[in-house]
Student: 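Pasting a structure below so you can have a look.
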Amino acid sequence: MPRSKKGKRGSSKPGVKNGMKGESAASDEELTSDILSHCSSASETASVLEEGTGGEQVDEQTAQEETEDKLKQCIDNLMDRSAKTRLAALESLQQAFSSRVLYDFLTGQRLTVCDCLERSLKKGGGAEQAAAATVFTLLCIQLGGGDEAEEGFKSLRPILTSILNDNSANIAARQSCAMTLGMCCYVSTAEGGEDLVKILALLESVFTSSYPNREGTLPSPKPGMPGLHTAALQAWSLLVTLCPASKLTELLELHLPKLQACLQSSDVNYRIAVGETIALLVELGRDIDEEFEVEDSEGLCECLKSLATDGNKHRAKNDRRKQRSIFREVLHYIENEDFTEERIRFGMESVYIDGWMRKRIYDAFKEILESGVRHHLQYNQLLRDIFGLGPPLILDAATIKGNKISRVEKHLFNSAAFKARTKLRNKVRDKRADVM
């Protein structure tokens, strides 16, 4: 689809920057709706072209330019004096960035957006800081993790770190900064680099405050802290997937025993995050050394069995159901190296979640992209590279119809894909063993 790097009109409009305190706050909801409506124009156009018989075709170029004008207005609103207007603009950009690939537009707006987000992080309230951190994460994903994303991350990392370490800061803002530091480091940092080691240590300093004391007793968490510990642990475990074998060995020895104790946490979401992290670390340990064994594996399995069958009536029903499901999977993997494969379909393609490492990576992108994760898997080159999908497919309606395959062909394709994934994972094991 042809794209225009500049809209037909300039970004400066009367009454946008400082004169829209009444009107801009009220119209931002409509603006979000308009942006998302334009963002879906490609799929709508496909259905119109498929059904039409000589009718007028949608002008995609015009739709793209109108979308960019709306986005420019949102960016202008980030500089408004009204906190309500700025927050509404951030929420609009969050929805637009998560639902559509906007690389061409954002490469020209990157510096302006980064400056506005830095201002929100430094001077905004808790809700504005949390939204700004999330939008910055989406910006890095949009930019594909290249030099532009790395440059932006270096400029905003100090303020993100400051908010995360500030015990008086808003908890939601600190959680968002933890997630942003993990994800932006993941997409913009070379494996095993100095930045990776620093961010790992920073995140460790947050969630290790939940570790048992010298007497083996878990500390009583302050209000909101389990959510922060969960965000930091999940961001940390994402970055662990980038670590070389030597660093992994160090992390396994240091954290596995302490994490086992955290399975007794009073917070269900933190318990689940701990269980999934333990499974991930064990998987990485087995990739390095096929003979890898967990210290006190018998005690760990007993604890996992208890959580997998927990019938404590004091816990919410949904929490019990979610906990039992997750810990059954963790237990099966620890005991039998058994992982229930999940298939994520989008368009004519699929991604297979066939291990805890792949699950942690997919879950991280799903958390930030929400319902837009499938669209980004289909069109965002960064995600396609991470999940080994190659360049985006360009298919017309006739090709889609002509590519419907039989059940037998699907079975043969899935078998071949499974063998290819097994071969790839064996190569990863060999590579890590060589490093050791």
Student: Check whether more than 12 heavy atoms from other residues, nucleotides or ligands sit under 6.0 Å from atom CG of D147, and answer yes or no.
Tutor: no
Student: Do H229 and W236 have their ring centres less than 6.0 Å from each other?
Tutor: no
Student: So how far is it from I353 CD1 to R360 CZ, rounded to the nearest 0.5 Å?
Tutor: 11.5 Å
Student: Should we say atom NZ of K247 is surrounded by more than 12 heavy atoms from elsewhere, each under 6.0 Å from it?
Tutor: yes
Student: Taking atom types as modelled, find out whether E128 and S120 have a side-chain donor-acceptor pair closer than 3.5 angstrom.
Tutor: yes
Student: Do the ring planes of F136 and F153 sit parallel (below 30°), tilted (30 to 60°) or perpendicular (above 60°)?
Tutor: parallel
Student: Would you sort out whether T277 and Q234 count as a side chain to side chain contact (heavy atoms under 4.5 Å, CB included), showing the intermediate values?
Tutor: CA-CA 8 Å; T277 301; Q234 289 176 333; 5.8 Å; no
Student: Within the distance-only criterion (no hydrogens, no angle test), does the side chain of R86 pair as donor or acceptor with the backbone N or O of M79 below 3.5 angstrom?
Tutor: no
Student: Looking only at side chains, do D385 and Q381 share a donor and an acceptor under 3.5 Å apart?
Tutor: yes
Student: Please report the closest heavy-atom contact between S155 and G152, naming both atoms and the distance.
Tutor: OG-O, 2.7 Å
Student: For L377 and F365, run side chain to side chain contact (heavy atoms under 4.5 Å, CB included): C-alpha distance rounded to whole Å, both residues' side-chain angles, the deciding distance at 0.1 Å, then the answer.
Tutor: CA-CA 10 Å; L377 282 169; F365 281 103; over 6 Å; no
Student: For residues C140 and V187, report the shortest heavy-atom separation together with the two atoms involved.
Tutor: CB-CG2, 4.1 Å
Student: Could you walk me through whether V268 and K322 satisfy the side chain to side chain contact (heavy atoms under 4.5 Å, CB included) test, starting with their C-alpha distance in whole Å, then the side-chain angles of each, then the deciding distance to 0.1 Å, before giving a yes or no?
Tutor: CA-CA 9 Å; V268 63; K322 182 180 179 182; 5.9 Å; no
Student: Rounded to the nearest 0.5 Å, what's the gap from SG on C185 to CG on L200? Could you check?
Tutor: 7.0 Å
Student: Nearest 0.5 angstrom please: L106 CG to L111 CG, how far?
Tutor: 11.5 Å
Student: So, R384 side chain and Q378 main chain: donor-acceptor pair closer than 3.5 Å or not?
Tutor: yes
Student: Are the side chain of R174 and the backbone N or O of L164 linked by a donor-acceptor pair below 3.5 Å?
Tutor: yes
Student: Any side-chain heavy atom of L248 sitting closer than 4.5 Å to one from D287?
Tutor: no
Student: Under the side-chain contact (heavy atoms from CB on, under 4.5 Å) test against V206, which residue among L233, L228, L181 passes?
Tutor: L228
Student: Using a strict cut-off of less than 4.0 Å between a Lys/Arg side-chain nitrogen and an Asp/Glu carboxylate oxygen, indicate whether R286 and E283 qualify as a salt bridge.
Tutor: no
Student: Do you know which two heavy atoms are closest between G224 and Q175, and how far apart they sit?
Tutor: O-OE1, 4.2 Å
Student: Which heavy atom in A273 sits nearest to a heavy atom in T230, and how many Å separate them?
Tutor: CB-CG2, 3.9 Å
Student: Keeping S188 on the side-chain end and E150 on the backbone end, is there a donor-acceptor pair under 3.5 Å?
Tutor: no
Student: Please determine if E370 and K366 form a salt bridge, counting it only when a charged side-chain N lies under 4.0 Å from a carboxylate O.
Tutor: no
Student: Does some side-chain heavy atom of L238 sit less than 4.5 Å from a side-chain heavy atom of Y186?
Tutor: yes
Student: About how many Å separate CD1 of I361 and CG of L383, when rounded to the nearest 0.5 Å?
Tutor: 10.5 Å
Student: Any chance you could measure S209, atom OG, to Y211, atom OH, to the nearest 0.5 Å?
Tutor: 10.0 Å
Student: Quick test of your reading of the model: are E118 and K122 salt-bridged, counting only N-O distances below 4.0 Å?
Tutor: yes
Student: For D166 and S168, does a side-chain donor sit closer than 3.5 Å to a side-chain acceptor?
Tutor: yes
Student: Could you state the interatomic distance from CD1 (I159) to SG (C177), rounded to the nearest 0.5 Å?
Tutor: 8.0 Å
Student: Heavy atoms only: give me the nearest L252-G285 pair and the separation to one decimal.
Tutor: CD1-CA, 3.7 Å
Student: Give a yes or no answer on whether the side chain of T161 reaches the backbone of R157 with a donor-acceptor pair at less than 3.5 Å.
Tutor: yes
Student: Once the angle between the rings of H375 and Y379 is folded into 0 to 90°, is it parallel (under 30°), tilted (30 to 60°) or perpendicular (over 60°)?
Tutor: tilted
Student: Between T217 and N213, is there a donor-acceptor pair closer than 3.5 Å when you use the side chain of the first and the backbone of the second?
Tutor: no
Student: Using atom types as modelled and distance alone, determine if a side-chain donor or acceptor of Q129 lies under 3.5 Å from a backbone N or O of A173.
Tutor: no
Student: Using only atom types and a distance under 3.5 Å, with no angle test, would you say the side chain of R343 pairs donor to acceptor with the backbone of Y352?
Tutor: no
Student: Heavy atoms, side chains only, cut-off 4.5 Å: are V351 and E342 in contact?
Tutor: no
Student: Side chains of L93 and L139, heavy atoms from C-beta outward: is any pair under 4.5 Å?
Tutor: no
Student: Any donor-acceptor pair under 3.5 Å linking the side chain of Q142 with the backbone of F97?
Tutor: yes
Student: Quick check against the 3.5 Å criterion: does T134 have a side-chain atom that pairs as donor or acceptor with the backbone of A130?
Tutor: yes
Student: So which atom in L102 and which in A96 form the shortest heavy-atom distance, rounded to 0.1 Å?
Tutor: CD1-O, 4.0 Å
Student: Does the side chain to side chain contact (heavy atoms under 4.5 Å, CB included) test come out yes or no for L78 and D115, once each step is laid out?
Tutor: CA-CA 10 Å; L78 294 178; D115 287 344; over 6 Å; no
Student: Taking the side chain as every heavy atom from C-beta outward, state whether L117 and L90 have any pair of such atoms under 4.5 Å apart.
Tutor: yes
